Peer 1: 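My questions will all concern the structure given below.
So that the names make sense, note that chain A is the first sequence line, chain B the second, and so on, each numbered from 1. Here the structure is a predicted model, which means the values were calculated and not measured.
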Amino acid sequence: MKATINGEHRELPDGATVAEILRDLKLERNGIAVAVNERVVRGTNFDEHRLQEGDVVEIIRAVAGG
Amino acid sequence: MAPANGAADAPLKIGKHEFASRLVVGTGKYSSFDVMQRAHEASGTELVTVAIRRIHLDDASGKTLLDFIDRSRYKILPNTAGCTTAKDAVLTAQLAREALGTDLIKLEVIGDPETLYPDTAETIVAARELVNDGFTVLPYIIDDPTACKRLEEIGCAAVMPLGAPIGSGLGICNPYSLTIIKQRSNVPVIIDAGVGTASDAAIAMELGADAVLMNTGIALAKDAIVMARAMRLAVEAGRLAYLAGRMQKRLYASASSPMSDLIGTTAK
(Lines give C-alpha, C1' and ligand atoms only; values in the text may rest on other atoms or scores of the structure.)
Protein backbone atom coordinates (compact mmCIF):
# COMPACT_ATOMS: atom_id res chain seq x y z
CA MET A 1 0.00 0.00 0.00
CA LYS A 2 1.06 3.57 -0.55
CA ALA A 3 1.48 6.13 2.21
CA THR A 4 3.27 9.42 2.64
CA ILE A 5 5.83 9.69 5.44
CA ASN A 6 7.30 13.11 6.14
CA GLY A 7 6.39 14.22 2.65
CA GLU A 8 7.97 11.19 0.93
CA HIS A 9 5.87 8.63 -0.94
CA ARG A 10 6.54 5.16 0.44
CA GLU A 11 5.41 1.65 -0.38
CA LEU A 12 4.48 -0.14 2.85
CA PRO A 13 3.29 -3.67 3.71
CA ASP A 14 -0.51 -3.86 3.88
CA GLY A 15 -1.76 -3.24 7.40
CA ALA A 16 1.61 -2.13 8.75
CA THR A 17 1.44 -0.66 12.24
CA VAL A 18 3.09 2.57 13.35
CA ALA A 19 5.47 0.50 15.50
CA GLU A 20 6.52 -1.57 12.45
CA ILE A 21 7.14 1.56 10.39
CA LEU A 22 9.35 3.00 13.12
CA ARG A 23 11.26 -0.27 13.36
CA ASP A 24 11.82 -0.36 9.59
CA LEU A 25 13.11 3.20 9.72
CA LYS A 26 15.37 2.27 12.66
CA LEU A 27 13.80 4.97 14.80
CA GLU A 28 13.80 4.80 18.57
CA ARG A 29 10.50 5.72 20.16
CA ASN A 30 12.09 7.94 22.75
CA GLY A 31 11.74 11.66 21.93
CA ILE A 32 9.66 11.23 18.80
CA ALA A 33 5.98 11.69 18.04
CA VAL A 34 3.76 10.56 15.20
CA ALA A 35 0.68 12.01 13.56
CA VAL A 36 -1.43 10.18 11.00
CA ASN A 37 -3.73 12.30 8.88
CA GLU A 38 -3.15 15.29 11.16
CA ARG A 39 -4.03 13.45 14.37
CA VAL A 40 -1.47 12.47 16.99
CA VAL A 41 -1.07 8.74 17.57
CA ARG A 42 -0.21 8.20 21.22
CA GLY A 43 2.94 6.19 21.86
CA THR A 44 0.89 3.62 23.74
CA ASN A 45 -1.05 2.96 20.52
CA PHE A 46 1.92 2.49 18.16
CA ASP A 47 1.55 -1.31 18.25
CA GLU A 48 -2.17 -1.27 17.46
CA HIS A 49 -2.47 1.62 15.03
CA ARG A 50 -2.53 0.18 11.49
CA LEU A 51 -1.87 2.45 8.55
CA GLN A 52 -4.21 2.55 5.60
CA GLU A 53 -3.79 3.25 1.90
CA GLY A 54 -3.08 6.92 1.32
CA ASP A 55 -2.34 7.80 4.94
CA VAL A 56 -0.24 10.88 5.55
CA VAL A 57 2.25 10.27 8.35
CA GLU A 58 4.36 12.86 10.15
CA ILE A 59 7.22 11.75 12.40
CA ILE A 60 8.85 14.54 14.41
CA ARG A 61 11.42 15.20 17.06
CA ALA A 62 12.92 18.16 18.88
CA VAL A 63 15.66 20.11 17.10
CA ALA A 64 17.62 23.22 18.02
CA GLY A 65 15.54 26.38 17.96
CA GLY A 66 14.59 29.49 19.84
CA MET B 1 8.05 44.12 47.21
CA ALA B 2 11.80 44.46 47.29
CA PRO B 3 13.77 41.65 48.85
CA ALA B 4 15.40 42.92 52.06
CA ASN B 5 19.16 42.55 52.28
CA GLY B 6 19.31 40.52 49.10
CA ALA B 7 16.73 37.97 50.28
CA ALA B 8 15.52 35.62 47.59
CA ASP B 9 13.04 36.91 45.02
CA ALA B 10 9.74 35.08 44.63
CA PRO B 11 9.90 32.33 42.02
CA LEU B 12 8.59 32.91 38.52
CA LYS B 13 5.30 31.01 38.22
CA ILE B 14 4.06 29.98 34.78
CA GLY B 15 0.90 27.96 35.28
CA LYS B 16 1.87 25.11 37.57
CA HIS B 17 5.59 25.50 36.76
CA GLU B 18 7.99 27.43 38.99
CA PHE B 19 11.42 28.80 38.18
CA ALA B 20 14.08 30.55 40.25
CA SER B 21 15.75 31.81 37.05
CA ARG B 22 14.05 34.51 35.00
CA LEU B 23 16.03 33.83 31.86
CA VAL B 24 14.69 31.48 29.19
CA VAL B 25 17.26 30.43 26.61
CA GLY B 26 17.04 28.90 23.16
CA THR B 27 18.97 26.00 21.67
CA GLY B 28 19.36 27.35 18.11
CA LYS B 29 22.31 28.79 16.17
CA TYR B 30 25.13 27.69 18.50
CA SER B 31 28.44 26.74 16.92
CA SER B 32 28.12 23.30 18.53
CA PHE B 33 25.98 21.41 21.02
CA ASP B 34 28.94 21.51 23.40
CA VAL B 35 28.99 25.31 23.33
CA MET B 36 25.21 25.34 23.77
CA GLN B 37 25.45 23.11 26.80
CA ARG B 38 28.07 25.32 28.45
CA ALA B 39 26.12 28.47 27.59
CA HIS B 40 23.01 27.03 29.20
CA GLU B 41 25.01 26.32 32.31
CA ALA B 42 26.52 29.82 32.39
CA SER B 43 23.10 31.43 31.88
CA GLY B 44 21.63 29.79 34.97
CA THR B 45 18.49 29.08 32.98
CA GLU B 46 15.99 26.42 34.01
CA LEU B 47 13.90 26.51 30.84
CA VAL B 48 15.20 25.99 27.31
CA THR B 49 13.30 26.23 24.06
CA VAL B 50 13.39 23.66 21.25
CA ALA B 51 11.79 23.50 17.82
CA ILE B 52 9.77 20.59 16.39
CA ARG B 53 10.68 19.26 12.96
CA ARG B 54 10.29 16.19 10.78
CA ILE B 55 12.84 13.44 11.27
CA HIS B 56 15.08 12.86 8.25
CA LEU B 57 14.11 9.34 7.30
CA ASP B 58 17.47 8.49 5.76
CA ASP B 59 19.52 9.85 8.60
CA ALA B 60 17.67 9.00 11.76
CA SER B 61 20.62 7.75 13.78
CA GLY B 62 23.22 9.57 15.81
CA LYS B 63 23.05 12.00 18.69
CA THR B 64 20.16 14.38 18.87
CA LEU B 65 19.57 17.69 20.61
CA LEU B 66 17.98 15.96 23.59
CA ASP B 67 21.26 14.18 24.32
CA PHE B 68 22.66 17.60 25.21
CA ILE B 69 19.87 18.76 27.53
CA ASP B 70 19.91 17.46 31.10
CA ARG B 71 16.22 17.21 31.77
CA SER B 72 16.71 16.88 35.51
CA ARG B 73 18.09 20.40 35.36
CA TYR B 74 16.23 22.12 32.53
CA LYS B 75 12.57 22.04 31.63
CA ILE B 76 11.87 22.05 27.93
CA LEU B 77 9.72 24.66 26.23
CA PRO B 78 8.91 23.39 22.73
CA ASN B 79 7.89 26.02 20.20
CA THR B 80 5.68 26.09 17.13
CA ALA B 81 8.17 28.24 15.23
CA GLY B 82 7.69 28.29 11.50
CA CYS B 83 3.94 27.64 11.65
CA THR B 84 1.83 30.13 9.76
CA THR B 85 -1.64 28.80 10.60
CA ALA B 86 -3.42 28.01 13.84
CA LYS B 87 -4.08 24.49 12.55
CA ASP B 88 -0.39 23.68 12.02
CA ALA B 89 0.57 25.28 15.32
CA VAL B 90 -1.98 23.20 17.24
CA LEU B 91 -0.84 19.93 15.66
CA THR B 92 2.82 20.85 16.24
CA ALA B 93 2.05 21.56 19.89
CA GLN B 94 0.26 18.25 20.29
CA LEU B 95 3.18 16.40 18.70
CA ALA B 96 5.61 18.25 20.96
CA ARG B 97 3.64 17.23 24.03
CA GLU B 98 3.71 13.62 22.92
CA ALA B 99 7.42 13.63 22.04
CA LEU B 100 8.65 15.54 25.09
CA GLY B 101 6.08 14.83 27.77
CA THR B 102 5.44 18.46 28.64
CA ASP B 103 2.34 20.62 28.67
CA LEU B 104 4.43 23.76 28.10
CA ILE B 105 4.23 25.28 24.64
CA LYS B 106 5.68 28.45 23.18
CA LEU B 107 3.00 29.35 20.68
CA GLU B 108 4.39 31.07 17.63
CA VAL B 109 2.28 31.67 14.53
CA ILE B 110 4.19 33.73 12.02
CA GLY B 111 2.38 36.24 9.82
CA ASP B 112 5.23 37.56 7.70
CA PRO B 113 8.45 35.81 6.64
CA GLU B 114 10.67 38.90 6.56
CA THR B 115 9.83 40.49 9.89
CA LEU B 116 8.70 37.25 11.56
CA TYR B 117 5.98 39.31 13.20
CA PRO B 118 3.27 37.07 14.62
CA ASP B 119 -0.14 36.64 13.04
CA THR B 120 -2.25 37.91 15.93
CA ALA B 121 -5.57 36.52 14.70
CA GLU B 122 -4.20 33.02 14.13
CA THR B 123 -2.27 33.15 17.41
CA ILE B 124 -5.48 33.86 19.32
CA VAL B 125 -7.35 31.03 17.56
CA ALA B 126 -4.54 28.56 18.31
CA ALA B 127 -4.15 29.77 21.90
CA ARG B 128 -7.82 29.14 22.62
CA GLU B 129 -7.65 25.63 21.22
CA LEU B 130 -4.46 24.76 23.10
CA VAL B 131 -5.70 26.13 26.43
CA ASN B 132 -8.87 24.05 26.02
CA ASP B 133 -6.65 21.04 25.30
CA GLY B 134 -4.85 21.46 28.62
CA PHE B 135 -1.63 23.12 27.49
CA THR B 136 0.31 25.73 29.46
CA VAL B 137 0.42 28.27 26.65
CA LEU B 138 3.09 30.97 26.30
CA PRO B 139 2.25 32.94 23.16
CA TYR B 140 4.82 35.01 21.28
CA ILE B 141 2.94 38.15 20.34
CA ILE B 142 3.38 41.68 19.11
CA ASP B 143 3.94 44.35 21.80
CA ASP B 144 0.24 45.18 21.71
CA PRO B 145 -1.55 45.59 25.06
CA THR B 146 -4.92 44.60 23.55
CA ALA B 147 -3.61 41.39 22.01
CA CYS B 148 -1.87 40.50 25.28
CA LYS B 149 -5.11 41.11 27.20
CA ARG B 150 -7.08 38.86 24.84
CA LEU B 151 -4.52 36.08 25.24
CA GLU B 152 -4.66 36.41 29.02
CA GLU B 153 -8.47 36.27 28.96
CA ILE B 154 -8.34 33.09 26.89
CA GLY B 155 -6.28 31.47 29.65
CA CYS B 156 -2.68 31.72 28.49
CA ALA B 157 -0.26 31.16 31.37
CA ALA B 158 1.96 34.05 30.28
CA VAL B 159 2.26 36.53 27.43
CA MET B 160 5.48 36.98 25.47
CA PRO B 161 5.55 40.31 23.63
CA LEU B 162 8.56 40.93 21.43
CA GLY B 163 11.19 43.53 22.25
CA ALA B 164 12.22 43.69 18.58
CA PRO B 165 12.00 41.31 15.60
CA ILE B 166 13.30 37.77 16.20
CA GLY B 167 17.06 37.54 15.75
CA SER B 168 17.43 41.27 15.12
CA GLY B 169 19.31 42.20 18.30
CA LEU B 170 17.73 45.65 18.12
CA GLY B 171 16.93 45.70 21.82
CA ILE B 172 13.77 46.97 23.49
CA CYS B 173 12.28 49.12 20.74
CA ASN B 174 9.08 50.18 22.45
CA PRO B 175 9.53 50.32 26.22
CA TYR B 176 6.30 52.30 26.60
CA SER B 177 3.99 49.63 25.20
CA LEU B 178 5.80 46.94 27.21
CA THR B 179 5.30 49.05 30.34
CA ILE B 180 1.57 49.28 29.62
CA ILE B 181 1.39 45.53 28.94
CA LYS B 182 3.06 44.80 32.28
CA GLN B 183 0.89 47.25 34.21
CA ARG B 184 -2.28 45.61 32.91
CA SER B 185 -1.23 41.98 32.93
CA ASN B 186 -2.28 39.45 35.54
CA VAL B 187 -0.03 36.76 34.07
CA PRO B 188 3.76 36.82 33.71
CA VAL B 189 5.10 39.02 30.91
CA ILE B 190 8.14 37.50 29.22
CA ILE B 191 9.98 39.67 26.71
CA ASP B 192 10.65 37.33 23.81
CA ALA B 193 12.97 38.35 20.98
CA GLY B 194 15.12 41.35 20.19
CA VAL B 195 17.61 41.21 23.05
CA GLY B 196 21.07 41.77 21.56
CA THR B 197 23.26 42.42 24.57
CA ALA B 198 23.18 42.54 28.35
CA SER B 199 21.85 46.09 28.68
CA ASP B 200 18.80 45.13 26.58
CA ALA B 201 18.00 42.34 29.03
CA ALA B 202 18.47 44.67 32.00
CA ILE B 203 16.16 47.27 30.44
CA ALA B 204 13.49 44.63 29.84
CA MET B 205 13.64 43.57 33.46
CA GLU B 206 13.76 47.15 34.76
CA LEU B 207 10.50 47.78 32.91
CA GLY B 208 8.97 45.07 35.06
CA ALA B 209 9.14 42.08 32.76
CA ASP B 210 8.85 38.85 34.71
CA ALA B 211 11.42 37.11 32.51
CA VAL B 212 13.31 37.41 29.24
CA LEU B 213 13.55 34.79 26.49
CA MET B 214 16.52 34.94 24.16
CA ASN B 215 18.41 32.79 21.69
CA THR B 216 20.40 34.70 19.08
CA GLY B 217 21.73 37.31 21.54
CA ILE B 218 23.66 34.55 23.28
CA ALA B 219 24.24 32.07 20.46
CA LEU B 220 25.69 34.57 17.98
CA ALA B 221 27.91 36.44 20.44
CA LYS B 222 31.59 35.92 19.65
CA ASP B 223 31.82 34.06 22.95
CA ALA B 224 28.39 32.58 23.63
CA ILE B 225 29.36 31.22 27.02
CA VAL B 226 30.59 34.56 28.36
CA MET B 227 27.54 36.32 26.92
CA ALA B 228 25.29 33.76 28.62
CA ARG B 229 26.80 34.75 31.94
CA ALA B 230 26.43 38.45 31.08
CA MET B 231 22.75 37.88 30.32
CA ARG B 232 22.27 36.06 33.60
CA LEU B 233 23.78 38.96 35.54
CA ALA B 234 21.82 41.53 33.50
CA VAL B 235 18.51 39.79 34.13
CA GLU B 236 19.28 39.57 37.83
CA ALA B 237 20.44 43.19 37.99
CA GLY B 238 17.42 44.45 36.08
CA ARG B 239 15.07 42.45 38.27
CA LEU B 240 16.62 43.81 41.46
CA ALA B 241 16.50 47.37 40.13
CA TYR B 242 12.82 46.92 39.33
CA LEU B 243 12.07 45.52 42.78
CA ALA B 244 14.15 48.24 44.44
CA GLY B 245 12.20 50.96 42.64
CA ARG B 246 14.30 53.50 40.81
CA MET B 247 14.62 57.18 41.79
CA GLN B 248 12.58 59.78 39.97
CA LYS B 249 14.31 61.40 37.04
CA ARG B 250 14.82 65.15 37.33
CA LEU B 251 15.93 67.73 34.84
CA TYR B 252 18.37 69.66 37.06
CA ALA B 253 21.18 68.48 39.30
CA SER B 254 20.70 67.67 42.95
CA ALA B 255 23.96 67.69 44.91
CA SER B 256 24.88 64.55 46.76
CA SER B 257 27.28 66.40 49.10
CA PRO B 258 26.26 69.09 51.62
CA MET B 259 26.25 72.60 50.14
CA SER B 260 26.93 74.19 53.58
CA ASP B 261 30.17 74.53 55.61
CA LEU B 262 32.36 74.76 52.53
CA ILE B 263 35.90 76.06 53.14
CA GLY B 264 36.69 79.58 52.09
CA THR B 265 33.24 80.87 52.92
CA THR B 266 32.84 83.85 55.25
CA ALA B 267 30.60 83.81 58.31
CA LYS B 268 27.80 86.30 57.98
Side-chain angles (χ1 to χ4, degrees), chain A, chain B residues 24-30 32-33 36 48-61 64-69 71 76-82 87-88 90-102 106 108 116 133 140 166-167 192-193 213-220:
Chain A
M1 68 175 178
K2 288 184 171 58
T4 306
I5 304 178
N6 286 1
E8 295 179 19
H9 299 294
R10 295 259 170 160
E11 188 66 38
L12 304 174
D14 284 349
T17 64
V18 170
E20 287 163 357
I21 302 300
L22 296 179
R23 200 155 50 234
D24 287 351
L25 292 167
K26 298 182 175 58
L27 290 173
E28 294 206 19
R29 291 186 183 200
N30 196 21
I32 71 158
V34 177
V36 177
N37 302 330
E38 301 181 349
R39 295 185 76 93
V40 173
V41 179
R42 302 295 309 270
T44 47
N45 293 335
F46 283 176
D47 289 314
E48 291 88 51
H49 191 107
R50 292 187 184 283
L51 295 177
Q52 295 178 4
E53 177 76 25
D55 273 354
V56 176
V57 182
E58 298 284 353
I59 310 172
I60 62 86
R61 72 171 157 213
V63 300
Chain B
V24 186
V25 179
T27 55
K29 299 182 182 173
Y30 289 91
S32 70
F33 281 145
M36 177 196 81
V48 299
T49 63
V50 303
I52 299 297
R53 289 292 180 274
R54 283 172 167 171
I55 283 175
H56 292 207
L57 299 181
D58 303 326
D59 181 27
S61 58
T64 68
L65 171 66
L66 292 184
D67 296 319
F68 296 87
I69 300 173
R71 296 192 67 180
I76 293 186
L77 176 60
N79 69 32
T80 64
K87 181 170 155 276
D88 284 351
V90 168
L91 181 58
T92 300
Q94 290 168 338
L95 284 164
R97 176 170 63 186
E98 188 65 22
L100 300 167
T102 179
K106 174 184 165 180
E108 193 174 322
L116 297 180
D133 195 8
Y140 158 72
I166 294 170
D192 177 5
L213 189 160
M214 65 182 76
N215 188 147
T216 312
I218 293 174
L220 290 195

Peer 1: Picking from Met36(B), Lys87(B), Lys29(B), Glu108(B), which has the most non-hydrogen pairs under 4.5 angstrom with chain A?
Peer 2: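 Answer, by heavy-atom pair count under 4.5 Å with chain A: Lys87(B).
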Peer 1: Among Thr216(B), Ile76(B), Asn79(B), Val90(B), single out the residue with the greatest number of heavy-atom pairs under 4.5 Å to chain A.
Peer 2: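 Answer, by heavy-atom pair count under 4.5 Å with chain A: Asn79(B).
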Peer 1: Chain A: which of Asn215(B), Ile69(B), Leu95(B) shares the most heavy-atom pairs with it under 4.5 Å?
Peer 2: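 Result: the option with the highest number of such pairs is Leu95(B).
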Peer 1: Return the minimal non-hydrogen interatomic distance between Ile59(A) and Asn6(A), and the atom names on each side.
Peer 2: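 Taking every non-hydrogen atom into account, N-OD1, 2.7 Å.
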Peer 1: Measure distances from Leu100(B) to the heavy atoms of chain A and classify the residue's part below 4.5 Å as side chain, backbone, both or neither.
Peer 2: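 For Leu100(B), the side chain is the part near chain A, not the backbone.
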Peer 1: For Arg42(A), is it the side chain, the backbone, both, or neither that has a heavy atom closer than 4.5 Å to a heavy atom of chain B?
Peer 2: both
Peer 1: State plainly whether the residues Asp67(B) and Arg61(A) are in salt-bridge range, i.e. N to O under 4.0 Å.
Peer 2: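 Not counted as a salt bridge, because no side-chain N and carboxylate O are separated by less than 4.0 Å.
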Peer 1: Grab the two heavy atoms, one from Lys2(A) and one from Glu53(A), that are nearest each other, plus how far apart they are.
Peer 2: N-OE1, 3.2 Å
Peer 1: Looking at every non-hydrogen atom in both residues, tell me the closest pair between Val41(A) and Phe46(A) and how far apart they are.
Peer 2: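 Nearest heavy atoms, Val41(A) then Phe46(A): O-CE2, 3.3 Å.
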Peer 1: If we check side-chain hydrogen bond (donor to acceptor under 3.5 Å, both in side chains) with Arg97(B), which of these qualifies: Thr102(B), Asp133(B), Thr92(B)?
Peer 2: Asp133(B)
Peer 1: Within the supplied structure, the quantity of interest is the number of heavy atoms (other residues, nucleotides, ligands) at a distance under 6.0 Å from Glu8(A) CD; does it exceed 12?
Peer 2: yes
Peer 1: Please flag which part of Leu66(B) lies under 4.5 Å from any non-hydrogen atom of chain A: side chain, backbone, both or neither.
Peer 2: side chain
Peer 1: Most heavy-atom pairs under 4.5 angstrom with chain A, which of Gly26(B), Gly28(B), Pro78(B), Ala51(B)?
Peer 2: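 Of the options given, most contacts go to Ala51(B).
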